[in-house]
Amino acid sequence: MTASTTRVRFAPSPTGGLHLGGVRTALFNYLFAKKNNGTFILRIEDTDQGRFVPGAEQYILDCLEWCGISPDEGPHKEGAYGPYRQSERKSSYKKYAEQLINQGHAYYAFDTPEELEKMREAFRTESNPSPQYDSKVRLGMNNSLSLSKEKVNELLEQGTPHVVRINMPASTEITLHDMIRGEIVFNTDQVDDKVLLKADGMPTYHLAVVVDDHEMKITQAFRGEEWLPSAPVHVLLWDYLGWKNQMPEWAHLPLILKPDGQGKLSKRDGDRLGFPVFAMDWQDPKSNELTKGFKEMGFLPEAFVNMLAMLGWNDGTGEEIFSLEQLIERFSIDRIHKGGAKFDFEKAKWFNQEWIKRSETTRLLPLVQEILVKNNIHASEEALTDIIPMVKERCQLLNDFVQQVAYFFHDPVEIDLASVQPKWDEKKHAFFEGWKTTLNHLEAWDAAAIENTFKEAAGIAQIKPGELQLPLRIMLVGAKFGPTVFDIAFRIGKEATTRRIGHCLTLLAQ
RNA sequence: GGCCCGUUGGUCAAUCGGUUAAGACGCCUCCCUUUCACGGAGGAAUGAGGGGUUCGAUUCCCCUACGGGCUACCA
């Protein structure tokens, strides 16, 4: 097999929790890379000093690992194209910014924030609420295009704070080919002279993405649809830097939208509607605020990834449950949707339930055991190997196992007596007293034997077994759920069974 | 405001000019089960509007409406 040259990257900013949409972008990158026997790269876009959050990078890596889509190259796993943090690549951006200036495609700008605001205010009108720094105004600003060469050198020598801006050509059409959307035409008059290099020496996204995609030999660039409006800047930069024929193919992914209302799904929506938006728990180091993640909410990574893949893509067959391997096999860019999709937490839970149902006990066991321990239920592997298959189809989330498994290990604390009291009478009381004694003398303790004695006793007492099953369930489980009562009785043993019956009989007699 | 992207049931969506317009989630009814769930059988529910093109438009084109994104020395 010849090594593929396919190289794709996921390039998040380490500014906080990893959002659903981010994971999906990473996933599509991963699927495309693996499908083409290529390389999946993680690049950390930490050029914004102000928004940088310590720990976020490791957290992103942890999330990707949990999802099973760990990058082949990245800050954690240096390849031949590092460093993989943009903050460590400053010299490269500076070099290219200078090249662009020398070519006349960029210029120094010395305008202070106040001056910029003044310009915007001056040009702001009803019909133009957000004036741009562009060909129409740049000669009236303080920059190396409007100022004399001497003045510019003087300002530079004095160390005057400045940025480097791209010199957008006037009235030029830029055509971009997007793998999902086809040809898109932009007019350069619509886009401003974007800042390329900030006053602190850091590049903006616009410069960094082009330089890094080039230096890292990226062949396909997936990113969110929100980047479409600035894509012409990137295309122009690829051209100006002389790399046009190496420009990656673009794919702008549709957005994941709020379930209700409209707009991009945000962390706030999750808080508001009660579902996670981040892959894993995220604790903000400054505020200590903890935001729930899908993992901790009880999602299986298989289900999380499956659900995400189906949000904006499908294989056309109508099948919905796919493993990561199957997704790799079936993934294709031309089946990615153009329109954004509203996130539906109910459907997400359905995916998880499907995966829990389909998962082997050996897969579930360690995860369930961990959750049980957190809830003070210490269950042996042997016991859980028996119990998990009995209850897994009743669990949408892994955390549901707590409720479904607890009564196998502890006598129920809350007992729903209200469900039996209305139809409770002396006859039934006598039945259970008698049957309890029968159980004590039962030699073979197995589900079938327990059920037989139950039916026999019911026959003698002339009560329909069905009328007695619900009370028995309440006695053993405490509520109306769980597998067949006789299986439960068998599993918890003779001692616990008779004890629970006795306890309830006492309660009911009061 | 401008530019760009989008628009099939409540939601996710199939359809690549001709179908009774799939399927899934959710909802409802019934069966199984005198628990809950699983499973099974049904049901309600969809092409934003208007023009074209065509023998024929959900499908191609245009306009309108609506939704979204961008319009920062944030990504």
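Numbers restart at 1 for each chain; the letters A, B, ... are given by sequence-line order, proteins then strands.
No close placement of the A/Phe10 and A/Phe222 rings is indicated, their centers lying 6.0 Å or farther apart. The aromatic ring centroids of A/Phe123 and A/Tyr133 lie 6.0 Å or more from each other.
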Take A/Asn142 and A/Glu115 through the side-chain contact (heavy atoms from CB on, under 4.5 Å) test and state the conclusion after the steps. CA-CA 9 Å; A/Asn142 293 319; A/Glu115 288 167 334; 3.4 Å; yes
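Just one of A/Phe299, A/Phe351, A/Trp282 meets the ring pair (Phe, Tyr, Trp, His ring centres under 6.0 Å) condition when paired with A/Phe294; it is A/Phe299.
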Please write out each protein N/O paired with an N/O of nucleotides 8-11 of chain B under 3.5 Å, distance rounded to 0.1 Å.
none

Produce the list of close N/O pairs, under 3.5 Å, pairing protein atoms with atoms of nucleotides 2-4 of chain B; give distances to one decimal.
unit_1, atom_1, unit_2, atom_2, d
B/G2, O2', A/Gln190, NE2, 2.8
B/C3, O4', A/Gln190, NE2, 3.3

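Under the ring pair (Phe, Tyr, Trp, His ring centres under 6.0 Å) criterion, the residue pairs touching residues 459-483 of chain A are A/Tyr407-A/Phe481, with sequence neighbours excluded. Pairs passing the salt bridge (Lys or Arg N to Asp or Glu O under 4.0 Å) check and including a residue from residues 465-491 of chain A, sequence neighbours excluded, read A/Asp386-A/Arg491, A/Lys428-A/Glu467. Among residues at least two apart or in separate chains, there is no ring pair (Phe, Tyr, Trp, His ring centres under 6.0 Å) pair with a member in residues 163-203 of chain A.
Distance from the side chain of A/Glu393 is smallest to B/A37 among B/U71, B/A37, B/A24.
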Let me have RNA chain B in dot-bracket notation, would you? Count Watson-Crick plus G-U wobble pairs, both distances under 3.5 Å, and use [ ] for pairs crossing earlier ones and | for inter-strand partners. (((((((..(((.....[....))).(((((.......)))))....(((((..]....))))))))))))....
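A/Lys264 meets the salt bridge (charged side-chain N to carboxylate O under 4.0 Å, His left out) test with no other residue; sequence neighbours excluded. Residues that satisfy the ring pair (Phe, Tyr, Trp, His ring centres under 6.0 Å) test with A/Tyr205, not counting sequence neighbours, are A/Trp227, A/His234. Under the rule for a ring pair (Phe, Tyr, Trp, His ring centres under 6.0 Å), A/Phe409 has no partner lying at least two apart in sequence or in another chain. Contacts of A/Asp315 classified as salt bridge (charged side-chain N to carboxylate O under 4.0 Å, His left out), with partners at least two apart in sequence or in another chain: A/Arg330. With sequence neighbours excluded, no residue forms a salt bridge (charged side-chain N to carboxylate O under 4.0 Å, His left out) with A/Lys90.
Here A/Ser130 lies in heavy-atom contact (under 4.0 Å) with a base.
Look at A/Lys198 and you'll find a side-chain N or O under 4.0 angstrom from OP1 or OP2 of B/C74.
For RNA chain B, the neighbouring residues in residues 113-121 of chain A, judged by any heavy atom under 4.0 Å, are A/Leu116, A/Arg120.
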